[in-house]
Protein chains: 2
Amino acid sequence: MGFDDLAAVLRSRGLRLTAPRQLVLESVYRLRHATPDQIHADVSERAAGVNITTVYRTLELLEDLQLVTHAHLSHGAPTYHPLGEHQHAHLVCRGCGDVQELPSPTLEGLAEDLRTTRGFRLDIGHVALFGVCGKCGTEEE
Amino acid sequence: MGFDDLAAVLRSRGLRLTAPRQLVLESVYRLRHATPDQIHADVSERAAGVNITTVYRTLELLEDLQLVTHAHLSHGAPTYHPLGEHQHAHLVCRGCGDVQELPSPTLEGLAEDLRTTRGFRLDIGHVALFGVCGKCGTEEE
DNA sequence: CTTAGTGCAAAGGCTTTGCAGGCTA
DNA sequence: TAGCCTGCAAAGCCTTTGCACTAAG
């Protein structure tokens with residue numbers, strides 16, 4: 001899914017398959033919800049010399065190719081994740097920073113509501129819900 | 001609401017009431033969902049010489065005092081808004097960048113769902129929903 | 001008077017851009 | 001071979017920090 005397509009998608013656009021591009025895509029799949037910096041670190045563990053600049057450029061490209069997408073889950077950097085078969089929203093815990101995936105059906109009702117009442121078409125993959133997860137909630141009290 | 005409290009809240013903490021603090025709070029109320037930069041511009045229209053640094057520091061303070069809060073609604077800078085009586089989530093249009101407020105009752109169902117099924121306590125005020133608004137959606141097609 | 005608050009300038013993250021050399025196709 | 005990609009360095013945002021002066025209480 002997406003991953004094997006890389007060569008084909010690139011070729012169909014007249015673009016080239018390179019080591020950095022494979023490595024970055026691989027890291028996005030492995031890490032799930034990682035920042036450009038984290039992806040760069042992960043790539044660097046397996047291949048020296050890949051520049052952070054290239055990671056940024058590659059992420060932009062992969063996003064353009066619809067192989068990955070990003071969401072703003074926290075204060076700073078955006079996090080990238082595979083754009084796979086199952087859309088999902090994100091549940092971000094303010095306590096431990098943990099990111100859970102929330103299957104899109106959970107939001108279908110809301111999406112439908114917004115569409116009919118406001119004509120707003122919700123992009124579920126980009127949704128970030130902040131709060132406190134069960135674990136942190138109990139520790140807190 | 002909150003606004004008149006400024007002096008009192010500050011005093012109760014041994015902090016001082018100053019012109020920049022009043023101006024910044026005023027701008028947050030007037031602009032709703034503005035970035036530090038936009039707030040700075042708005043403040044500057046009414047009083048010259050207030051430094052952007054002070055805007056940042058003041059926003060942090062006001063947030064600490066629970067008079068304003070912020071959310072990450074877009075790519076770059078966070079947007080600040082009054083922490084008033086009515087909680088609300090945000091509907092952000094990817095097309096025109098417009099931010100609509102979404103009254104919290106719309107999300108109560110979802111919040112309840114997340115709480116019971118996952119123990120996740122949703123912070124409705126921080127929720128940002130991305131998508132395409134009615135206006136941009138029709139233009140697009 | 002005391003010391004919190006401010007402006008100014010510089011430093012710090014993260015991200016983007018320019019350019020010349022390297023490598024895919 | 002042609003020109004897409006990459007690394008490197010520098011420039012660009014946005015935000016924070018350090019410091020001395022100003023002003024609230």
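Chain letters run A, B, ... following the sequence lines, proteins first and then strands; every chain starts at 1. Just so we're clear, the structure is a prediction, and the values are computed from it rather than from any experiment.
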Visitor: If you look at every heavy atom in Ala71(A) and Gly125(A), which pair is closest and at what distance?
Guide: CB-O, 4.4 Å
Visitor: What is the separation between atom CG on Asp64(B) and atom P on dA4(C), rounded to the nearest whole Å?
Guide: 15 Å
Visitor: Whole-Å distance between dC14(C) P and Gln38(A) CD?
Guide: 11 Å
Visitor: For Arg32(B) and Val99(B), indicate whether the former's side chain and the latter's backbone hold a donor-acceptor pair under 3.5 Å.
Guide: no
Visitor: Could you state the atom-to-atom distance from CG of Leu62(B) to P of dG5(C) in whole Å?
Guide: 12 Å
Visitor: Closest to the Arg16(B) side chain: dT15(D), dG25(D), dT6(D)?
Guide: dG25(D)
Visitor: Please round to the nearest 0.5 Å and tell me the distance separating atom CZ of Arg118(A) and atom NZ of Lys135(B).
Guide: 14.5 Å
Visitor: Thr18(A) side chain N/O closer than 4.0 Å to the phosphate oxygens (OP1, OP2) of dT6(D)?
Guide: yes
Visitor: Looking at the rings of His70(A) and His126(A), which for Trp means the six-membered one, are their centres under 6.0 Å apart?
Guide: yes
Visitor: Heavy atom of residues 49-61 of chain B under 4.0 Å from DNA chain D: which residues?
Guide: Thr53(B), Tyr56(B), Arg57(B)
Visitor: Where the side chain of Arg21(A) is concerned, which of dG25(D), dT6(C), dC5(D) is the nearest nucleotide?
Guide: dC5(D)
Visitor: Can you tell me which residue pairs pass the salt bridge (Lys or Arg N to Asp or Glu O under 4.0 Å) test with a partner in residues 36-50 of chain B, sequence neighbours excluded?
Guide: Glu26(B)-Arg46(B), Arg30(B)-Asp42(B), Asp42(B)-Arg46(B)
Visitor: Which whole-number value in Å describes the distance from Glu63(B) CD to dT15(D) P?
Guide: 13 Å
Visitor: Could you state the atom-to-atom distance from CG of Leu23(B) to P of dG5(C) in whole Å?
Guide: 16 Å
Visitor: Roughly, in whole Å, what's the span from NE2 in His40(B) to P in dT15(D)?
Guide: 13 Å
Visitor: Rounded to the nearest Å, what distance is computed from the CG atom of residue Asp37(B) to the P atom of nucleotide dT15(D)?
Guide: 8 Å
Visitor: As an exercise, state the distance from CG of Leu110(A) to CG of Leu102(B), rounded to the nearest 0.5 Å.
Guide: 7.0 Å
Visitor: Can you tell me which residue pairs pass the salt bridge (Lys or Arg N to Asp or Glu O under 4.0 Å) test with a partner in residues 57-69 of chain A, sequence neighbours excluded?
Guide: Arg13(A)-Asp64(A)
Visitor: Can you tell me how far C1' of dC5(D) sits from CG of Leu10(A), to the nearest Å?
Guide: 12 Å
